[in-house]
Undergrad: 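If you scroll down you'll find the structure; I have some questions about it.
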Amino acid sequence: MAFGRSKKKNQNDGGEPATEASALSEETTQQAPESGPRRNGPFDDSEQDAGTDYLDLGALKIRPREGLQLRLEIEEKSQRVVAVTLDFGGSNLQLQAFAAPKSEGLWDEIRTQIASSVGSQGGTVQEFEGPMGTEVVAKLPAQTSDGQKGYRVARFLGIDGPRWFLRGVIGGPAALDRAKAADLEELFRSTIVVRGTQPLPPKDLLQLKMPKGAAEQQAAAPQPGLSVPERGPEITEIR
């Protein structure tokens with residue numbers, strides 16, 4: 001497992017801006033859902049015991065595996081951690097967790113925002129039903145490495161949990177190849193979200209932090225990490 005960090009000038013990507021605060025009460029212990037897209041994860045911390053095997057990133061707990069590289073994305077202005085990106089098998093998965101209303105989810109609204117953002121850049125989106133519910137594949141016009149016209153592709157996953165929303169963005173070959181995406185989907189499903197009991201406005205990012213020992217490991221054996229653009233994860237190019 002290799003750790004890294006990179007900076008983002010600002011965080012204004014498809015669903016983060018805070019809205020008016022709403023009073024949220026402490027939630028009682030939840031039971032893992034027996035049906036629906038979340039029945040096999042991602043989990044609330046009240047539903048799944050992470051134990052000592054998971055990496056504690058604050059709002060997110062990640063199950064490590066051999067060959068996985070992890071990078072925390074740092075917002076330059078505030079110096080806060082705004083996302084975690086997992087690099088595995090030549091593709092990547094960016095994770096962000098948000099506060100959500102108690103009575104309703106955010107994914108329907110955020111999919112609309114994704115479509116509007118991509119459309120304003122001359123791209124297209126396609127929704128389809130996947131193993132974790134409705135997903136979005138976004139294609140943006142881009143120039144390929146040899147100067148030809150192509151597309152940048154990203155696959156968006158969204159899961160509404162108890163008072164939280166988890167967004168995953170798959171980039172690289174796995175954005176289009178289901179077989180190559182299997183490991184990243186498993187990483188997404190095994191993620192545990194720690195919402196906490198504090199009242200937060202819907203769409204506020206849940207606080208992430210550097211895991212213990214990560215800074216020491218990075219200093220002792222620096223590894224090339226992921227470069228994540230402001231509008232999403234590193235994504236593949238196709239013609």
Side-chain angles (χ1 to χ4, degrees), residues 1 3-5 8 11 13 15-19 21-34 36-65 68 70-75 78-86 88 93-107 110 132-133 156-169 184-215 217 228 233:
M1 169 76 69
F3 299 93
R5 52 191 290 164
K8 297 168 75 72
Q11 183 68 14
D13 176 28
E16 181 201 349
T19 60
S22 60
L24 297 174
S25 59
E26 292 189 8
E27 63 181 341
T28 57
T29 300
Q30 303 289 323
Q31 297 294 322
E34 296 181 357
R38 206 170 63 81
R39 64 185 180 277
N40 296 319
F43 299 101
D44 187 78
D45 66 326
S46 66
E47 302 166 344
Q48 183 87 351
D49 182 11
T52 59
D53 294 336
Y54 275 67
L55 291 170
D56 185 358
L57 306 179
L60 297 176
K61 293 185 178 180
I62 306 296
R63 178 182 291 168
R65 61 187 303 171
L68 177 65
L70 178 150
R71 175 174 290 277
L72 298 180
E73 305 304 326
I74 310 297
E75 186 178 60
S78 66
Q79 288 298 295
R80 65 172 178 162
V81 182
V82 295
V84 56
T85 301
L86 309 177
F88 188 83
L93 168 67
Q94 185 192 74
L95 297 173
Q96 290 181 299
F98 302 87
K102 187 175 181 180
S103 59
E104 59 185 273
L106 294 176
W107 187 215
I110 289 177
M132 287 170 277
F156 289 79
L157 311 174
I159 292 291
D160 289 303
R163 295 176 54 220
W164 53 257
F165 169 73
L166 181 65
R167 187 182 70 180
V169 191
L184 295 178
E185 290 175 359
E186 177 57 30
L187 285 169
F188 185 78
R189 281 196 181 278
S190 65
T191 298
I192 296 174
V193 180
V194 183
R195 167 60 177 82
T197 58
Q198 70 275 25
L200 289 172
K203 301 182 187 176
D204 254 18
L205 277 169
L206 301 184
Q207 186 173 356
L208 294 168
K209 66 178 183 180
M210 181 76 78
K212 291 182 179 179
Q217 178 177 338
V228 179

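Predicted, not measured: the structure shown is a model, and the values here were computed from it.
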Undergrad: Using atom types as modelled and distance alone, determine if a side-chain donor or acceptor of Q96 lies under 3.5 Å from a backbone N or O of V82.
TA: yes
Undergrad: Could you measure the distance from the CE atom of M210 to the CG atom of L57? Nearest 0.5 Å is fine.
TA: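 Going from the CE atom of M210 to the CG atom of L57 covers 9.5 Å.
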Undergrad: Looking only at heavy atoms, which two atoms of E47 and P162 are closest? And how far apart?
TA: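 Taking E47 first and P162 second, the nearest heavy atoms are OE2-CG, 4.5 Å.
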Undergrad: What are the two closest non-hydrogen atoms of V194 and K61, and how far apart are they?
TA: CG2-CE, 4.0 Å
Undergrad: Compare every heavy atom of R167 with every heavy atom of F156, then report the nearest pair and how far apart it is.
TA: CD2-CD, 4.3 Å
Undergrad: Once rounded to the nearest 0.5 Å, what's the spacing between atom CG of L157 and atom CH2 of W107?
TA: 7.0 Å
Undergrad: Below 4.5 Å, heavy atoms only, C-beta onward: do Y54 and S190 meet side chain to side chain?
TA: yes
Undergrad: Do I192 and D44 have side chains that approach each other closer than 4.5 Å (heavy atoms only, starting at C-beta)?
TA: no
Undergrad: Check L187, V193, T191, T85 against L95 for a side chain to side chain contact (heavy atoms under 4.5 Å, CB included) and give me the one that passes.
TA: T191
Undergrad: Just jot down the side-chain contact (heavy atoms from CB on, under 4.5 Å) partners of A59, sequence neighbours excluded, or say none.
TA: L206, L208
Undergrad: Hey, what do you get for CG (D45) to CG (L60), rounding to the nearest 0.5 Å?
TA: 11.0 Å
Undergrad: To check you understand the geometry: which heavy-atom pair defines the closest contact between P42 and W164, and what is its length?
TA: O-CH2, 4.1 Å
Undergrad: Rounded to the nearest 0.5 Å, how far apart are CD of Q207 and CD of Q198?
TA: 8.5 Å
Undergrad: Look at atom CD of E186 and say whether more than 12 heavy atoms of other residues, nucleotides or ligands are closer to it than 6.0 Å.
TA: yes
Undergrad: Report the distance from atom CG of L86 to atom CZ of R71, rounding to the nearest 0.5 Å.
TA: 12.0 Å
Undergrad: Could you go through the side chain to side chain contact (heavy atoms under 4.5 Å, CB included) check for R63 and L68 one step at a time?
TA: CA-CA 10 Å; R63 178 182 291 168; L68 177 65; over 6 Å; no
Undergrad: Sequence neighbours excluded, which residues qualify as side chain to side chain donor-acceptor pair (under 3.5 Å) partners of E185?
TA: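 Scan of E185 (side chain to side chain donor-acceptor pair (under 3.5 Å), adjacent residues dropped) gives R155, R178.
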Undergrad: Which pair of non-hydrogen atoms, one from Q94 and one from A83, has the smallest distance, and what is that distance?
TA: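 Closest approach of Q94 to A83: CG-CB, 4.0 Å.
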Undergrad: Between NZ of K203 and CG of L106, what distance do you get to the nearest 0.5 Å?
TA: 6.5 Å
Undergrad: Mind running side chain to side chain contact (heavy atoms under 4.5 Å, CB included) on D56 and K209 for me, showing each step along the way?
TA: CA-CA 8 Å; D56 185 358; K209 66 178 183 180; 3.8 Å; yes
Undergrad: Shortest non-hydrogen contact from R163 to G196?
TA: NH1-O, 3.7 Å
